[in-house]
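These figures come from a predicted structure and were not determined experimentally.
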Amino acid sequence: MMKTNENNPPRRHAARSLIALAVAAAFPLHAAIAQEAPEAAKAQPGQLETVIVTAQRRSENIKDVPMAISTMKGEKLDVLTAGGQDVRFMSGRTPSLNVESEFGRSFPRFYVRGLGNIDFDLNASQPVGLVYDDVVQENPVLKGFPVFDVEQIEVLRGPQGTLFGRNSPAGVVKFESVKPTNKREGYFSGGLGNDGVVNLEGAYNLPLNEQWAARVSLQSQTRDDRVRNPRSTGTQELEGYDDKAARLQLSFKPSKDFGALFNVHHRKMEGSATLFRANIIKKGSNELVDGFDYDNYPTDGINDQTLTSTGTSLRLRWDLDGVTLHSISGYEKAEYSSRADVDGGYGASYAPPMGPGFIPFTAETGDGLPKHRQLSQEFRVESNTKERLQWIAGVYAFNEKITVDSNSYDTLNQNKLNGFAQQQQESKSWALFGSLNYAMSNVWKVRAGLRYTDDQKDFSAVRTMDPRIPSSYVGAIGPLTAKPESTNYSWDLSTNYELTKETNVYARIATGYRAPSIQGRILFGDTISIGDAEKNLSYEAGIKQDLFNKRARLSATVYQYRVKDLQLTAGSGAVNQNRLVNAEKAVGQGVELDFQAILSDEFRLTLGGSYNDTEIKDPNLFVATCGNGCTVTSPAGPGANTSLINGNPLPRAPKWTGNVTLRYSKPIGDGEFYAYTDWTYRSTYNMFLDEAKEYTAKSLVEGGLRAGYKWADGKYEVAAYGRNITNKVQLIGAINFNNLTGIVNEPRSYGVQFKANF
């Protein structure tokens, strides 16, 4: 790929909503942090609870925050993770959010408003930041840490370059664990499902004395292998996993003015990598071949995956006269290995590959992180008065060192190692940031933020004749080095206006930034590629409204953004290799809706959706097309087997998404029976930068169902659940360099659960 050149009746409330949205669109600014203490989250009978978020690094009512935010917590999380789902359960559950993986449970890729990164390299950067308990999780393998004993998830859409400045031009996904308290309590949850699924989760909160408290949180998710290899070669049983995680938190509060929170967490996962299934796509279409059998996977390759990660953090807080000081120290490390049969089929020993279907050549590779270490430190000071002017200022430092191993194996010669390459990268970043929040009046507030960031990377890659390799089909090369540097000013400006006690409108303009990236996986190529820094400018306006005496709540947003020098990942045609390219520009625009309502004493409803229209704008950018004779529909490029991508949507960016949940409950005996159903919809999307019939994912509807009984005292609950209850299995991803190899979504799962609170 290269460039050739360049309390009112419903009717009155509806009318008020339309007027408020029009007013919001007229504001040119971006909103402020509420100066008053947030309302209590406890709801009055028959009312929705107030949602408290920390999107602006302070606790405040979500209605007062001038940006698009969605949250998930409580029962919704219990439902969506019932079958042992990993973090991908979030996909489509809030507007404009997509989460997918080509590594299985270990390497999720996040997309917000169409912006994401399809790069599969282990040093790949993503434009969606992930923050777990106030610590940025930079490397992709850290982003999949299991979701358990979590108080709330916040999805912050749009650039978050001021207060969350670490590579977050698309947005931030923020997880907050349940914290230790001075109350002795806990819970246990156990579940059994098909395919031998066993899910165990629990937490115990232990006050140690008046100053100290501890909370231990544990999770274990296991599943038997459910896919069989009918051949005698390769891994025989696949798609099982054993995924365990733990978290210990200690809080120390010797006085009302000082508090410390220590967190240590650990994960160990063993299982299968994603199954790449050879020739399961009908040529000239995006349909699965006739007779496709999910449980059958003939292969001659080895498939396994392991991940061990450990992290610690220390959060300190001092409340002084007029100001509050914060210190957040974080440390993360990981070891990772993933190996898979990328061609997804088999061949006779020392004979041309031959099945299932035509396979031009074998491809069996493995990637690993033998060494990974991340350090981060933030100091922040903020005002804590009730003055009209509020402010935040801070400094942030980040350092990451990683080693990435890339291996190739000779599938037709007893799966022996026959190629080895290694990357080493150190990333250094520091930043200064601040924000000002001013109440122009009791109903009108403005906010402005600024962040200066300095990024440096030191990279080296080498392909060697490793001693473990008796004979290599590729020669030694390297070291190939790169030292990209970049600085940036990110800023935002916003305003929030209270039309009534029930209705707020806001407008926001914000910028985002992603540091230069390096694609240096030279196992099958002789060059590295560097993606220049990208910058995002976004405009957003919206309305947040409580309706019908807080029995319903509406949030609606319109937005538009422009990304300059957007980093994109392109395939290399007939070689298992990626390259980074910069598109001159990409644009996006859309509408987002979040709605929830108490319909009656028995029924509760949530409804969400988004329209995201994205487009690459670079008339001279072209990429290599697939190497397997797929049916390309993009215009031909200037060279053989190339395609122009100007005008194409961003990859993995469905134009339409929707989600709905409906909960029914009825008192029965000494408790409550309930039924909860949830559904998501997404429209089609391109899997890659260019367009091809085989690599256009079909629209997809998936649904879940949960029915159970809760005892009135809240101590016990039993339930039965089903995920993907229609058992819709279809193509969601692919490998395009070899054969018509595809990746499919997970089939139906079901089971039972028991939960006890104590």
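Enclosure of atom NZ in Lys268 is not indicated, since only 12 or fewer non-hydrogen atoms of other residues, nucleotides or ligands lie within 6.0 angstrom. Under a cut-off of 6.0 angstrom, the local environment of CG in Asn182 is sparse, with at most 12 non-hydrogen atoms contributed by other residues, nucleotides or ligands. The environment of NZ in Lys253 is crowded: more than 12 heavy-atom neighbours from other residues, nucleotides or ligands sit within 6.0 Å. Counting heavy-atom neighbours within 6.0 Å of Tyr204 OH, excluding the residue itself, gives a total above 12.
The aromatic ring centres of Phe145 and Tyr132 sit less than 6.0 Å apart.
Classified by interplanar angle (parallel below 30°, tilted 30° to 60°, perpendicular above 60°), the ring pair Phe107/Phe103 is parallel. Aromatic ring orientation, Tyr716 versus Trp711: perpendicular (interplanar angle above 60°, classes split at 30° and 60°).
For Leu599, the side chain to side chain contact (heavy atoms under 4.5 Å, CB included) criterion is met by Ala597, Phe603, Leu605, Leu662, not counting sequence neighbours. Residues passing the salt bridge (charged side-chain N to carboxylate O under 4.0 Å, His left out) test with Arg267, sequence neighbours excluded: Asp243. Applying the side chain to side chain contact (heavy atoms under 4.5 Å, CB included) criterion to Glu75, with sequence neighbours excluded, gives Val79, Arg663, Tyr674, Tyr676, Lys710.
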- Task: Please lay out, stage by stage, how Asn98 and Ser91 fare under the test side-chain hydrogen bond (donor to acceptor under 3.5 Å, both in side chains).
- Result: CA-CA 5 Å; Asn98 184 27; Ser91 186; 2.9 Å; yes
- Is there a side chain to side chain contact (heavy atoms under 4.5 Å, CB included) between Met67 and Leu156 once you walk through the steps? CA-CA 8 Å; Met67 67 172 66; Leu156 320 180; 4.3 Å; yes
- Hey, mind stepping through Glu185 and Lys715 against salt bridge (Lys or Arg N to Asp or Glu O under 4.0 Å) and telling me if it holds? CA-CA 11 Å; Glu185 63 180 2; Lys715 288 186 175 181; over 6 Å; no
- Message: What verdict does the side chain to side chain contact (heavy atoms under 4.5 Å, CB included) test give for Arg93 and Asp678, after you've listed the backbone C-alpha separation in whole Å, the side-chain angles of each residue and the deciding distance to 0.1 Å?
- Response: CA-CA 9 Å; Arg93 300 298 172 177; Asp678 62 282; 2.8 Å; yes
- Item | Verdict with reasoning, Lys666 to Asp601, per salt bridge (Lys or Arg N to Asp or Glu O under 4.0 Å) | CA-CA 8 Å; Lys666 187 175 182 61; Asp601 291 342; over 6 Å; no
- Message: Checking Arg447 against Gln390 for the side-chain hydrogen bond (donor to acceptor under 3.5 Å, both in side chains) test, could you report, in this order, the C-alpha distance in whole Å, the side-chain angles of both residues, the deciding distance, and whether it holds?
- Response: CA-CA 9 Å; Arg447 174 185 181 272; Gln390 298 292 302; over 6 Å; no
- Tell me, with the steps shown, if Phe89 and Val99 meet side chain to side chain contact (heavy atoms under 4.5 Å, CB included). CA-CA 8 Å; Phe89 77 84; Val99 190; over 6 Å; no
- Task: Take Glu746 and Arg226, measure what salt bridge (Lys or Arg N to Asp or Glu O under 4.0 Å) needs, and give me the verdict at the end.
- Result: CA-CA 11 Å; Glu746 296 216 341; Arg226 62 184 183 186; 3.5 Å; yes
- Could you check Val172 against Val128 for side chain to side chain contact (heavy atoms under 4.5 Å, CB included), going step by step and ending with a plain yes or no? CA-CA 5 Å; Val172 163; Val128 180; over 6 Å; no
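For Ser610 and Thr657, the side-chain atoms include at least one donor-acceptor pair closer than 3.5 Å. Remark: the Arg157 side chain and the Ser70 side chain contain an N/O donor-acceptor pair separated by less than 3.5 Å. Gln753 and Arg706 share a side-chain donor-acceptor pair at under 3.5 Å. There is a side-chain donor-acceptor pair under 3.5 Å between Ser106 and Gln305. Checking Glu592 against Ser96 by side-chain atom types alone, a donor-acceptor pair falls below 3.5 Å. Counted by atom type alone, Tyr187 and Glu717 present zero donor-acceptor pairs between their side chains at under 3.5 Å.
A distance-only check finds no donor-acceptor pair linking the side chain of Asn194 to the backbone of Gly751 [under 3.5 Å]. Not one N or O on the side chain of Asp134 forms a donor-acceptor pair closer than 3.5 Å with the backbone of Arg315. Side chain of Ser699 to main chain of Arg682: no donor-acceptor pair is present (N/O by atom type, distance under 3.5 Å, no hydrogens or angles). A distance-only check finds no donor-acceptor pair linking the side chain of Glu602 to the backbone of Ser600 [under 3.5 Å]. The backbone N or O of Gly671 sits less than 3.5 Å from a side-chain atom of Tyr709, completing a donor-acceptor pair. For Ser383 (side chain) and Val323 (main-chain N/O), no donor-acceptor pair under 3.5 Å exists by modelled atom type. In this structure a side-chain-to-backbone donor-acceptor pair under 3.5 Å is missing from Arg166 to Gly129.
Considering every non-hydrogen atom in both Asn199 and Thr222, the closest pair reads OD1-N, 4.4 Å. Considering all non-hydrogen atoms of both residues, Ala68 and Glu540 come closest at N-OE2, 2.8 Å. Annotation for Ala334 and Val141: closest pair CB-CG2, 4.2 Å, computed over non-hydrogen atoms. Scanning both residues, Thr308 and His266, for their nearest heavy atoms gives CG2-CE1, 3.5 Å. Closest approach of Thr54 to Ser59, counting heavy atoms only: CG2-OG, 3.7 Å. Between Gln374 and Asn139 the shortest heavy-atom distance is OE1-N, 4.4 Å.
A salt bridge links Lys179 to Asp133: one of the charged nitrogens lies within less than 4.0 Å of a carboxylate oxygen. In summary, Lys755 and Asp78 engage in a salt bridge, as defined by a charged side-chain N under 4.0 Å from a carboxylate O. Looking at Glu702 and Arg748, no side-chain N of the basic residue comes within less than 4.0 Å of a carboxylate O on the acidic one, giving no salt bridge. Ion pairing between a basic and an acidic side chain is recognised when a charged N comes within 4.0 Å of a carboxylate O; Arg223 and Asp242 show no such pairing. A salt bridge links Glu151 with Lys73; the closest basic N to acidic carboxylate O contact falls under 4.0 Å. Taking the charged nitrogens against the carboxylate oxygens, Glu60 and Lys63 have no contact shorter than 4.0 Å, which rules out a salt bridge. Electrostatic pairing of Arg317 and Asp319 counts as a salt bridge here, judged by a charged N lying under 4.0 Å from a carboxylate O.
Geometrically, Arg105 engages Tyr241 in a cation-pi contact, judged by NZ or CZ lying under 6.0 Å from the ring centre and within 45° of the ring axis. Under the 6.0 Å distance and 45° angle rule, Arg57 counts as a cation-pi partner of Phe164.
Here the rule is side chain to side chain donor-acceptor pair (under 3.5 Å) with Tyr506, and of Asn496, Thr557, Asp64 only Thr557 fits it. His265 pairs in a side chain to side chain donor-acceptor pair (under 3.5 Å) with only one of the listed residues (Gln249, Arg247, Glu332), which is Glu332. When Arg88, Lys143, Gln126 are each tested for a side chain to side chain contact (heavy atoms under 4.5 Å, CB included) with Arg109, only one passes: Gln126.
A distance of 5.5 Å separates CD1 in Ile725 from CG in Leu705, rounded to the nearest 0.5 Å.
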